[in-house]
Amino acid sequence: MRDVRIATFNANSVRVRLPIILDWLAENEPDVLALQETKCEDSKFPVAEFEEWGWHTAIHGQKARQGVALVSRRPLGNVRIGFGDPLFPEDCRIISAELDGIAVVNTYVPNGTAVGSDRFEYKLRWLERFRHYLGERYRPTDPVVWLGDINIAPTPDDVYDSRKFLGGVGHHPDEFKRLSAILQFPLIDTFRTLHSGASHYTFWDFVIPRALERNLGWRIDHIYATVPLAARCTSCEIDREPRMMERPSDHTFVVAEFGK
DNA sequence: ATGGTTGGCATCCAA
């Protein structure tokens, strides 16, 4: 049996990015693709188009903003949406499921907007809530993948100008602290296990002219695994091709493979 | 120092 292939992509509208997503799926044949920023309520998600090409979907969306989904070759088990906590704000940022004994947890971490804003405080609270979510549901010995748009560049190598952005949204010590606490589960950054150094990015801001060509990017889309699963990780790669296509997302795909 | 882009929905907000 071949490796399990698990990918992530912030689509920035699943409807606009449908051709890019379907192309990428056909080319790469992942077992699961985690999508973020689908930006549509469930009734408007292009379920039929995915099914036409043999892909199952598990979706958790809302009108216009946020939204996450899992796309898979085979049906997923035990699909869960949200934190399952009625006290915590529910804005469609988390969906999880099981495949081949692996728990796949897909998140769209809040952006944070501006340091000191209510949205930034919400980002920090959200990350704390997520740490508890992991502890409530899983043990360190379980095979668990946490992936998605993490919206944090955790080290100086993960953003094109660390000095410029240190202390700003996405590269702030308070974010590093919350992420470190989550990773103490422990979880392993599968990309960093296999690749060191700067210039490996997954997001290039639309606002910056020719950002991709100049590689003015951020590595904010991550694939983490628990220790026993990380030991089975044979590859983790960023695919820049989709960022070069017509009408791209501002993010691109990351894909990891795990041996049986 | 500023502005540069995109998507969704409504003519502005979030990213």
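First the proteins, then the strands, lettered A, B, ... as listed; each starts at 1.
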Inset, instruction - Starting from the 5' end of DNA chain B, give me the residue, R15(A) or D149(A), whose nearest nucleotide shows up first. - result: R15(A)

Legend entry - Of N111(A) and I208(A), the one whose closest DNA chain B nucleotide lies more 5': I208(A)

Would you kindly give the [atom1]-to-[atom2] distance between [X] and [N], to the nearest whole Å?
X       : N       : atom1 : atom2 : result
K39(A)  : dG8(B)  : NZ    : P     : 6 Å
E37(A)  : dA15(B) : CD    : P     : 7 Å
W204(A) : dT5(B)  : CH2   : C1'   : 16 Å
D91(A)  : dA14(B) : CG    : C1'   : 13 Å
L216(A) : dG4(B)  : CG    : C1'   : 13 Å
D205(A) : dG4(B)  : CG    : C1'   : 9 Å
F120(A) : dA14(B) : CZ    : P     : 17 Å
K123(A) : dA14(B) : NZ    : P     : 15 Å

Inset, instruction - Kindly point out which of dT5(B), dA15(B), dC13(B) is positioned nearest to the side chain of F206(A)? - result: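 Between dT5(B), dA15(B), dC13(B), the one nearest the side chain of F206(A) would be dT5(B).
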
Legend entry - Minimum-distance nucleotide to V16(A) side chain [options: dG8(B), dA15(B), dC9(B)]: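 In terms of side-chain proximity for V16(A), the closest of dG8(B), dA15(B), dC9(B) is dG8(B).
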
Whole-angstrom distance between [N] and [M], as gauged at atom [atom1]:
N       : M       : atom1 : value
dA15(B) : dC9(B)  : P     : 15 Å
dA1(B)  : dG7(B)  : C1'   : 28 Å
dG8(B)  : dT2(B)  : C1'   : 26 Å
dT6(B)  : dT11(B) : C1'   : 16 Å

So what does [X] touch, heavy atoms closer than 4.0 Å: a base, only the sugar-phosphate, or nothing?
X       : result
T113(A) : sugar-phosphate
Y108(A) : sugar-phosphate
V207(A) : base
R17(A)  : sugar-phosphate

Inset, instruction - Find out whether the Lys NZ or Arg CZ of R131(A) is both under 6.0 angstrom from the six-membered ring centre of F185(A) and within 45° of the ring's axis. - result: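 That pair does not qualify as a cation-pi contact.
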
Legend entry - Test: R232(A) cationic atom under 6.0 Å from F258(A) six-membered ring centre, within 45° of axis: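 Here R232(A) fails the 6.0 Å and 45° test against F258(A).
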
Under-4.0 Å side-chain N/O to phosphate OP1/OP2 contact, [X] with [N]:
X       : N       : answer
R247(A) : dG7(B)  : yes
S13(A)  : dT6(B)  : no
R119(A) : dA14(B) : yes

Inset, instruction - Considering only NZ, NE, NH1 and NH2 on the basic side and carboxylate oxygens on the acidic side, decide whether K260(A) and D3(A) come within less than 4.0 Å. - result: no

Legend entry - Residues K177(A) and D174(A) bridged, charged N to O under 4.0 Å: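 Answer for the salt bridge query: no.
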
Inset, instruction - Quickly, which of R240(A), R214(A), R210(A), H251(A) forms a side-chain contact (heavy atoms from CB on, under 4.5 Å) with W204(A)? Name it, please. - result: R240(A)

Inset, instruction - Mind telling me whether H200(A) and H195(A) have parallel, tilted or perpendicular rings, with 30° and 60° as the class edges? - result: tilted

